[in-house]
Amino acid sequence: MSGSGGISHLEKWRITRGFLAWRLRQAEQQVRTLEAQEEEQRRRSRRARAEQLWKIEPQRSGSVTLLHRGGCGLFDNAGALIDREAVLAALREPDVETCPVCAPETGLTVQ
């Protein structure tokens with residue numbers, strides 16, 4: 001302690017250090033929260049984009065080629081998504097069928 005009855009410089013610095021450590025923990029938590037929110041937003045954006053596109057499940061022995069909505073979980077691949085024009089072309093093929101779960105043909109008109 002100082003001679004005047006107040007706290008010493010050392011004690012002031014210990015208090016400052018404790019306060020700054022507390023603020024650092026708060027800042028780190030806030031960064032983790034914001035990073036998680038950004039990742040969730042990226043995931044939602046990818047999902048929304050996939051829902052606007054389609055994907056094709058290749059034919060396997062004894063099965064047909066299946067067309068799915070981009071977000072359909074029955075066929076989960078990291079392959080390329082296709083646009084409306086490619087879907088319309090695929091639907092004209094005799095060996096391409098649509099997924100009975102995600103109904104990828106909904107809203108499309110085959111010309």
Value for CD (Gln52) from CZ (Arg84), rounded to nearest 0.5 Å, stands at 13.5 Å
To the nearest 0.5 Å, atom CG of Leu20 lies from atom CD1 of Ile15 at 12.0 Å
Separation between OG1 (Thr33) and CD (Glu38), nearest 0.5 Å, reads 11.5 Å
Is there a side chain to side chain contact (heavy atoms under 4.5 Å, CB included) between Leu67 and Val87 once you walk through the steps? CA-CA 8 Å; Leu67 176 68; Val87 168; 3.5 Å; yes
Intermediate values then yes/no, side chain to side chain contact (heavy atoms under 4.5 Å, CB included), Thr65 and Ile56:
CA-CA 7 Å; Thr65 300; Ile56 293 183; 3.3 Å; yes
Separation between NE2 (His9) and OG1 (Thr16), nearest 0.5 Å, reads 12.0 Å
Glu39/Arg46 ion pair, N-O < 4.0 Å: yes
Quiz item: Is the shortest distance from a Lys or Arg side-chain nitrogen in Arg25 or Glu28 to a carboxylate oxygen in the other one below 4.0 Å?
Solution: no
**Request:** Assess whether side chain to side chain contact (heavy atoms under 4.5 Å, CB included) is satisfied between Glu35 and Val31, documenting all intermediate values.
**Result:** CA-CA 6 Å; Glu35 286 172 342; Val31 166; 3.6 Å; yes
Just do the side chain to side chain contact (heavy atoms under 4.5 Å, CB included) check on Gln37 and Gln41 with the steps written out, would you?
CA-CA 6 Å; Gln37 288 172 354; Gln41 182 59 38; over 6 Å; no
Please confirm whether the backbone N or O of Leu81 pairs with a side-chain atom of Trp54, one donor and one acceptor, at under 3.5 Å? no
What one should report as the nearest heavy-atom pair of Pro104 and Cys99 is CD-O, 3.5 Å
### Message
Applying a strict under-4.5 Å side-chain criterion to I, L, V, M, F, W and Y, I'd like to know whether Leu91 and Leu66 cluster together.
### Response
no
Item to complete: Please confirm whether the backbone N or O of Gly71 pairs with a side-chain atom of Arg47, one donor and one acceptor, at under 3.5 Å?
Response: yes
Please check: side-chain N/O of Lys55 versus main-chain N/O of Phe75, any donor-acceptor pairing under 3.5 Å? yes
- Message: When you compare the side chains of Arg32 and Gln29, does any donor N or O come within less than 3.5 Å of an acceptor on the partner?
- Response: yes
Checklist entry - Are the side chains of Val101 and Leu74 in touch, meaning some heavy atoms are under 4.5 Å apart? => result yes
